[in-house]
Amino acid sequence: MNLSLPLSLATAALVAAFMVAPPPASANEAAPVALAGEVTGRLDPDPAARYHPLPATMSERAGQRLRLRDVERLLKRHPDHPMLLRERAYIRSKRGEIDAAEADFARALQVAGDNAFLRRHVLWSQGWARFDAGRDEAALQAWKEAVDLHGGNPFWWPYTAALAEWRLGRHAEAIELYDRAVAGMPQYGTERGLAERTAHWPESQFAVASAVFSAWQASKRATQP
């Protein structure tokens, strides 16, 4: 497939929007930049981990319905466009159509070929879709594949993986991962910073993040003299 397929202006705008894809808001963020004298863990940028949220004035259900309509229309013209397939997969997962979503994710990976950026984006999104569906081990599997393709320590991995590890009952691992996230992005170490970094997250994700944050805070207090 020719990924440089010429698109109309309207189609190009929509596809460009879908290039910044999901968790639900979890990662519209750049890699952290250390301040002078600040000690931080090394977290690397990953432009494949971006999300384009629904308009704030639109309900999630209405937004999904409209977005799915647009994606379906575009897929009739570009049936093998990996970003469109990825977007439909994510919407289908949110609607509870798990088998159809996984089929779309698989197809998106297939047509992405050896393009590491596209594959990372699909896998990152697939991980969030699986997490939202309560499939935490499967979510970690997709995210780990994305990390391997990245080849470094992408900024989103520590706090993202911490959520799945927490829900799986592996609390020590979750706290350790969250500590790594705070080392690289100190905002995650305060209630205000966490709220700002997760402002667009759905409540279901924020609840898990809050639980991890509270446990991390408690672990820090326990180690203080």
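Nothing fancy with the numbering, it's 1 onward along the sequence.
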Below 4.5 Å, heavy atoms only, C-beta onward: do [X] and [Y] meet side chain to side chain?
| X | Y | answer |
| --- | --- | --- |
| F117 | P47 | yes |
| F155 | D44 | no |
| H81 | L74 | no |
| W157 | K144 | yes |

**Message:** Run the side chain to side chain contact (heavy atoms under 4.5 Å, CB included) test on Q217 and R221 for me, step by step, so that the C-alpha distance in whole Å, both residues' side-chain angles and the decisive distance to 0.1 Å come before the verdict.
**Reply:** CA-CA 6 Å; Q217 270 192 324; R221 288 194 295 267; 3.8 Å; yes

**Whether W128 and W124 hold their rings parallel, tilted or perpendicular, with breakpoints at 30° and 60°** =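 Judged by the thresholds at 30° and 60°, the geometry between W128 and W124 is perpendicular.
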
**Asked** Between W166 and H171, how do the two ring planes meet: parallel, tilted or perpendicular, split at 30° and 60°?
**Response**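 Rings of W166 and H171: parallel, under 30°.
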
Can you tell me which residue pairs pass the salt bridge (Lys or Arg N to Asp or Glu O under 4.0 Å) test with a partner in [range], sequence neighbours excluded?
| range | answer |
| --- | --- |
| residues 102-112 | D80-R107, R88-D104, R92-D104, E102-R130, E102-R135 |
| residues 153-174 | D136-R167, E137-R170, E165-R170 |
| residues 108-124 | D46-R120 |

Distance in Å, [X] [atom1] paired with [Y] [atom2], rounded so as to fall on 0.5 Å steps:
| X | Y | atom1 | atom2 | answer |
| --- | --- | --- | --- | --- |
| R77 | L84 | CZ | CG | 10.0 Å |
| L140 | E145 | CG | CD | 11.5 Å |
| N153 | L43 | CG | CG | 5.0 Å |
| R180 | I175 | CZ | CD1 | 14.5 Å |
| I91 | R69 | CD1 | CZ | 11.5 Å |

**Prompt:** Any salt bridge between D70 and R67, counting N to O under 4.0 Å?
**Reply:**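 Looking at R67 together with D70, the answer is no, because their closest N to O distance does not fall below 4.0 Å.
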
**Item:** Residues E72 and K76 bridged, charged N to O under 4.0 Å
**Value:**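 No, this pair does not count.
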
Any donor-acceptor pair under 3.5 Å linking the side chain of [X] with the backbone of [Y]?
| X | Y | result |
| --- | --- | --- |
| Y159 | L177 | no |
| T198 | W201 | no |
| T223 | K220 | yes |
| S93 | A89 | no |
| H150 | P45 | yes |
| S219 | W216 | yes |
| S125 | H121 | no |

For the student: nearest non-hydrogen atoms of [X] and [Y], plus distance:
| X | Y | value |
| --- | --- | --- |
| V147 | G152 | CG1-O, 4.0 Å |
| L85 | A108 | CB-CB, 3.8 Å |
| P154 | P158 | O-CD, 3.6 Å |

**Request:** Could you state whether L168 and F213 fall into the same hydrophobic cluster, counting links through intermediate Ile, Leu, Val, Met, Phe, Trp or Tyr residues with side-chain heavy atoms under 4.5 angstrom apart?
**Result:**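 Yes: a chain of side-chain contacts under 4.5 Å links L168 to F213.
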
**Request:** Could you walk me through whether W143 and L123 pass the side chain to side chain contact (heavy atoms under 4.5 Å, CB included) test, one step at a time?
**Result:** CA-CA 6 Å; W143 287 330; L123 288 163; over 6 Å; no

**Request:** Apply side chain to side chain contact (heavy atoms under 4.5 Å, CB included) to V182 and Y178, showing your working.
**Result:** CA-CA 6 Å; V182 173; Y178 196 84; 3.5 Å; yes

**Prompt:** Within a radius of less than 6.0 Å around CZ of R192, do more than 12 heavy atoms belonging to other residues, nucleotides or ligands occur?
**Reply:**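 Incorrect, the count does not exceed 12.
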
**Request:** For atom CD of E176, decide whether the heavy atoms of other residues, nucleotides or ligands shown that lie under 6.0 angstrom number more than 12.
**Result:**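 Open.
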
**Request:** Determine, step by step, whether L194 and Q187 satisfy the side chain to side chain contact (heavy atoms under 4.5 Å, CB included) criterion, reporting the C-alpha distance in whole Å, the side-chain angles of both residues, the deciding distance to 0.1 Å, and the verdict.
**Result:** CA-CA 6 Å; L194 174 65; Q187 303 99 310; over 6 Å; no

